[in-house]
Amino acid sequence: MTSELLIDRVIRDLDRVVERAWEERSRDGYFAALYRRVTIKVKEGILTPGVFEDPARMDLLDFTFASRYLDALGRFEAGEAPTRAWRVAFDAAHSRRPVILQQLVLGINAHINLDLGIAAARVSPGPAIESLYHDFNRINEILAGLITLVEAQVGELSPWFRFFTRIAGHDGMRAVEFSLSVARAEAWRFALALAPLAEPAQQPAIERRDGEIARLARKVLHPGPLLDLVLLPVRAREVHDVRRIIEVLSQETAHVTELVGRFPGPS
């Protein structure tokens with residue numbers, strides 16, 4: 001592998017997004033800060049022998065995957081139309097209504113439920129998709145590990161968050177971790193459906209999927225009258241300093257081998 005990885009370009013691009021969001025006090029920085037941490041951990045995995053079966057392919061997958069988010073953000077900022085799932089997430093970032101966790105989940109929803117399957121099918125088209133399964137699971141383990149480690153930070157920023165999750169019937173960020181596990185499995189099935197198709201033939205399936213994920217995003221924003229009501233005191237007690245939130249979400253966490261070690265490898 002060369003000294004300059006594609007993922008290094010992604011990290012630099014995410015650095016710029018986070019820095020600009022911090023300067024402008026933009027809530028776009030919440031997901032970008034978390035995603036930058038994910039990307040750094042994936043890079044550690046690429047450089048750590050034994051984490052991925054094919055580190056060079058994983059470098060390309062991460063670049064392809066991240067490019068979909070960065071392209072969607074660029075389109076939105078230019079006044080153009082991103083995918084519908086990302087449009088819901090970006091619109092929400094410019095509203096004070098969603099709580100911190102909702103904004104993070106909206107980004108995770110668009111990126112995992114829509115972008116990940118597309119990126120996997122583009123990097124490993126046709127029969128090659130099957131050989132990606134092990135590394136696809138490994139990157140998902142890193143994602144799941146980081147979500148778990150973010151729990152304390154969300155609690156620091158949103159003191160009444162645990163009260164909300166008790167009302168909602170879930171335990172802290174494990175609600176998000178469970179949703180992420182479902183999303184990762186669906187992303188793999190979506191990749192399997194797309195991989196045999198030429199890119200133009202993939203578009204109708206992508207359009208349908210985008211509509212489904214956008215509808216799911218709207219449910220995240222409006223979970224129902226009772227939960228909307230419960231979110232009012234949660235929102236009132238949260239930290240509202242955008243720069244402080246970005247700084248907390250940017251904090252480094254455990255090494256990638258610790259994250260991967262929390263989960264069994266794929267069978």
Within 6.0 angstrom of Arg235 CZ, more than 12 heavy atoms from elsewhere: yes
Same cluster or not: [X] versus [Y], using hydrophobic residues (I, L, V, M, F, W, Y) connected whenever any side-chain heavy atoms lie under 4.5 Å apart?
X      : Y      : result
Val88  : Ile206 : no
Leu114 : Phe136 : no
Leu6   : Leu116 : yes
Leu14  : Trp22  : yes
Ile40  : Val18  : no

Check against salt bridge (charged side-chain N to carboxylate O under 4.0 Å, His left out), Arg16 and Asp13: CA-CA 5 Å; Arg16 287 190 284 269; Asp13 287 342; 2.3 Å; yes
Drop me the distance from [X]'s [atom1] to [Y]'s [atom2], to the nearest 0.5 angstrom.
X      : Y      : atom1 : atom2 : result
Arg9   : Thr39  : CZ    : OG1   : 14.0 Å
Arg12  : Arg36  : CZ    : CZ    : 12.5 Å
Ile213 : Ile112 : CD1   : CD1   : 11.0 Å
Asp135 : Phe52  : CG    : CZ    : 6.0 Å
Glu238 : Ile100 : CD    : CD1   : 4.0 Å
Phe63  : Leu61  : CZ    : CG    : 12.0 Å

Is any side-chain heavy atom of [Y] closer than 4.5 Å to one of [X]?
X      : Y      : value
Ser26  : Arg20  : no
Ser131 : Arg57  : yes
Leu221 : Pro98  : yes
His111 : Phe65  : yes
Glu44  : Ile142 : no
Arg243 : Arg25  : yes
Val38  : Lys41  : no
Asp228 : Arg97  : yes

Derivation and outcome, side-chain contact (heavy atoms from CB on, under 4.5 Å), residues Val220 and Asn109: CA-CA 9 Å; Val220 171; Asn109 174 61; 5.6 Å; no
Could you tabulate the donor-acceptor pairs under 3.5 Å formed by side-chain atoms of residues 187-204, not counting sequence neighbours?
from, atom 1, to, atom 2, distance (Å)
Arg189, NE, Glu186, OE2, 3.3
Arg189, NH2, Glu186, OE2, 2.4
Gln202, OE1, Arg122, NE, 2.8
Gln202, OE1, Arg122, NH2, 3.0
Gln202, NE2, Leu194, O, 3.1
Gln202, NE2, Leu197, O, 3.2
Gln203, NE2, Glu207, OE2, 3.4

Donor-acceptor contact below 3.5 Å, side chain Asp8 vs main chain Leu5: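 The answer is yes, because a donor-acceptor pair under 3.5 Å joins these two groups.
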Polar side-chain atom of Arg209 near backbone of Asn113 as donor-acceptor pair, under 3.5 Å: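 Yes: the side chain of Arg209 pairs with the backbone of Asn113.
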Set of residues satisfying side chain to side chain donor-acceptor pair (under 3.5 Å) with respect to Glu53, sequence neighbours excluded: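 With sequence neighbours excluded, Glu53 shows a side chain to side chain donor-acceptor pair (under 3.5 Å) to no residue whatsoever.
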Pair Val248-Arg244, side-chain contact (heavy atoms from CB on, under 4.5 Å): steps then yes or no: CA-CA 6 Å; Val248 170; Arg244 172 61 179 157; 3.4 Å; yes
Pairing residues for Phe31 by the ring pair (Phe, Tyr, Trp, His ring centres under 6.0 Å) criterion, not counting sequence neighbours: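 Checked Phe31 against ring pair (Phe, Tyr, Trp, His ring centres under 6.0 Å); matches are Tyr35, Tyr69, Trp86.
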Stepwise side-chain contact (heavy atoms from CB on, under 4.5 Å) check, Asp28 with His94: CA-CA 8 Å; Asp28 284 326; His94 291 262; 3.2 Å; yes
Closest approach of Val10 to Ala66 (non-hydrogen atoms, all atoms of both residues):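 Minimum heavy-atom contact is CG1-CB, 3.4 Å.
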Closest heavy-atom pair and its distance - Pro223, Gln102: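 Scanning both residues completely, I find the closest heavy atoms to be CD-NE2, 4.3 Å.
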